[in-house]
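Computed from a predicted model, the values in this text were never measured in an experiment.
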Amino acid sequence: MFKTTILAGLLVLVCQVSSWAADTGTVLEGQKMPSRILGKDVEYTVYLPPEYEAGKRSYPVIYLMHGGGRGRNTDWYRFGGADRVFDRMIENGEVPAFIAVTPEGRRDKENRFNTYYMNDADGGYRWQDMFFQEFVSYIDHTYRTVPEKEARGILGLSMGGYAAIAFSFKQPEMFSAAAALSAAFRTDGQVVTMDQSGYDRRYGKAWGLGLAGKGRLNAAYHDNSVLDLVEKIPVEQIGKTALYMDCGSSDDFFAGNSELHLKLQKLGVEHRFMAREGGHDWAYWRSGLPEALSFVGASFRNG
């Protein structure tokens, strides 16, 4: 009787562990979308929530944008542990179950020039057009998403944080919420004084290679800088997307984030701006992801 009770207890424990393990999402790396605009396949990583394969329901989707430099579409999971955060918050009911998609923001493996998720000034490489004209619709047709603004968000770090806010300004009907961690917003002064190799690597393709000093502040720059877009786009358009920014007080991008916050505040655009102790690193992004995710998830509920 005693042995039977122990065995029964162990069986219950095993079942509980198996049940817990089943309540985890699935991360699929190396997925590809054929792009006519770029003339090649675009790699991406997708997170599918628990029970996705077992059911037929549709889900909200978050576009999870990665950073620049050596950043790539797998980083959020390999370095940020994003899937564990997603699983826990979905399990606890802190956010509704969702699909997350991270498109590859590099133009090639060598990554000599960042895309910053923009189109090249000469039209040679049109990442932004690919995203809006091909990628979003491809994801909606490939996975069981809810293909509506009220169920679509964007969240990014560094270069990806720039994309999250810039895209929400440019396409106000696309996302219910945009959240940025350590967004790579540079002030005019920072762009003007940037070293030449650093400028060319980051922005040369988008604004023009070899530009120096104030020559960098050309039409292409003003068409893409969030600090300019916020003043050119109608306030009611900017206000159509819930906005969230979180930047470390020791981050080089703090000045740009603060400037955008002050401009939004002056315009009366409701938004959330957080400044925490920290720098531009994965420790900061990991600690900031749950709150940013909660903000985006709340927009799905309110949509």
Side-chain angles (χ1 to χ4, degrees), residues 25-48 61-83 85-86 98-143 145 152-168 170-171 174-175 178-184 200-206 224 280 282 285-286 289 292-293 296:
T26 303
V27 176
L28 301 174
E29 298 181 353
Q31 307 304 295
K32 294 180 179 180
M33 179 208 75
S35 170
R36 175 188 57 80
I37 291 174
L38 297 184
K40 68 172 188 177
D41 288 347
V42 176
E43 185 176 321
Y44 66 93
T45 296
V46 62
Y47 165 87
L48 300 175
V61 60
I62 296 176
Y63 288 89
L64 195 66
M65 314 301 277
H66 69 77
R70 297 180 180 179
R72 57 179 304 174
N73 71 86
T74 54
D75 287 357
W76 274 106
Y77 304 97
R78 296 186 180 185
F79 304 127
D83 52 321
V85 176
F86 297 166
F98 63 90
I99 295 167
V101 184
T102 306
E104 180 57 62
R106 299 176 301 167
R107 65 181 65 236
D108 50 41
K109 291 183 179 180
E110 289 73 29
N111 199 34
R112 289 181 56 228
F113 301 105
N114 289 348
T115 65
Y116 258 77
Y117 300 108
M118 292 183 273
N119 292 339
D120 285 359
D122 63 4
Y125 197 82
R126 295 156 49 212
W127 200 99
Q128 180 177 287
D129 287 351
M130 176 277 297
F131 182 79
F132 287 124
Q133 297 176 26
E134 297 178 324
F135 194 78
V136 172
S137 60
Y138 176 86
I139 294 301
D140 285 340
H141 283 94
T142 304
Y143 304 96
T145 69
R152 187 184 297 122
I154 185 168
L155 191 164
L157 65 85
S158 193
M159 183 179 83
Y162 157 82
I165 303 300
F167 283 7
S168 77
K170 295 176 179 180
Q171 297 284 344
M174 183 66 74
F175 306 107
L181 300 175
S182 311
D200 283 339
R201 176 168 57 83
R202 293 177 177 88
Y203 304 117
K205 289 291 189 177
N224 288 284
H280 201 78
W282 275 106
W285 302 325
R286 283 192 294 266
L289 177 59
L293 181 61
V296 176

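Side chains of Thr145 and Ile139 form a contact here, defined as non-hydrogen atoms less than 4.5 Å apart. Counting heavy atoms from C-beta outward, Phe98 and Val61 have side chains that stay 4.5 Å or more apart. Residues Leu289 and Trp76 have side chains in contact (heavy-atom distance under 4.5 Å, counting atoms from C-beta outward). Within the 4.5 Å cutoff, the side chain of Tyr143 has heavy atoms near those of the Leu48 side chain. Taking the side chain as every heavy atom from C-beta outward, Leu64 and Tyr77 approach each other to under 4.5 Å.
Across all non-hydrogen atoms, the minimal contact from Gly153 to Val296 is CA-CG1, 4.1 Å. Looking at every heavy atom in both residues, Thr115 comes nearest to Gly105 through OG1-O, 2.6 Å. Summarising the geometry of Ala179 relative to Ala164, their closest heavy-atom pair is O-CB, 3.6 Å, with the distance given to 0.1 Å. Between Ala178 and Ser168, the shortest heavy-atom distance links the atoms CB-CB, 3.8 Å. Taking each heavy atom of His66 and Tyr117 in turn, the nearest pair found is O-OH, 2.9 Å. Residues Pro34 and Tyr138 come closest through the heavy atom pair CD-CE1, 4.3 Å.
From Thr142, atom OG1 reaches atom CD1 of Ile99 across 10.0 Å, with rounding to the nearest 0.5 Å. How far OG of Ser158 is from CE of Met65: 12.5 Å, rounded to the nearest 0.5 Å. Rounded to the nearest 0.5 Å, atoms NZ (Lys40) and CZ (Arg107) are 8.5 Å apart.
Using a 4.0 Å cut-off between charged nitrogen and carboxylate oxygen, Asp122 and Lys205 do not count as a salt-bridge pair. A salt bridge links Arg106 with Glu104; the closest basic N to acidic carboxylate O contact falls under 4.0 Å. Remark: Arg72 engages Glu43 in a salt bridge, criterion side-chain N to carboxylate O under 4.0 Å.
Judged purely by atom type and a 3.5 angstrom limit, Asn111 has no side-chain atom pairing as donor or acceptor with the backbone of Arg70. For Asn114 (side chain) and Gly68 (main-chain N/O), no donor-acceptor pair under 3.5 Å exists by modelled atom type.
The distance between the ring centers of Phe135 and Tyr44 falls below 6.0 angstrom. Here the two rings, on Phe86 and Tyr47, have centers that are under 6.0 Å apart. In summary, the aromatic rings of Tyr162 and Tyr116 are positioned with their centroids under 6.0 Å apart.
Between Trp282 and Trp285, the ring planes lie perpendicular to each other; the angle is over 60°, past the 30° to 60° tilted range.
With Phe167 as the partner, the ring-ring contact (aromatic ring centres under 6.0 Å, His included) test is satisfied by one option alone out of Tyr63, Phe132, Phe175: Phe132. Applying the side-chain hydrogen bond (donor to acceptor under 3.5 Å, both in side chains) test between Thr45 and each of Thr74, Asn73, Thr102, Asp75 identifies Asn73 as the sole match.
Counting non-hydrogen atoms of neighbouring residues, nucleotides and ligands closer than 6.0 angstrom, the NZ atom of Lys32 reaches no more than 12 such neighbours.
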Inset, instruction - Decide yes or no on side chain to side chain donor-acceptor pair (under 3.5 Å) for Asn224 and Lys170, but give the supporting numbers first. - result: CA-CA 9 Å; Asn224 288 284; Lys170 295 176 179 180; 2.6 Å; yes
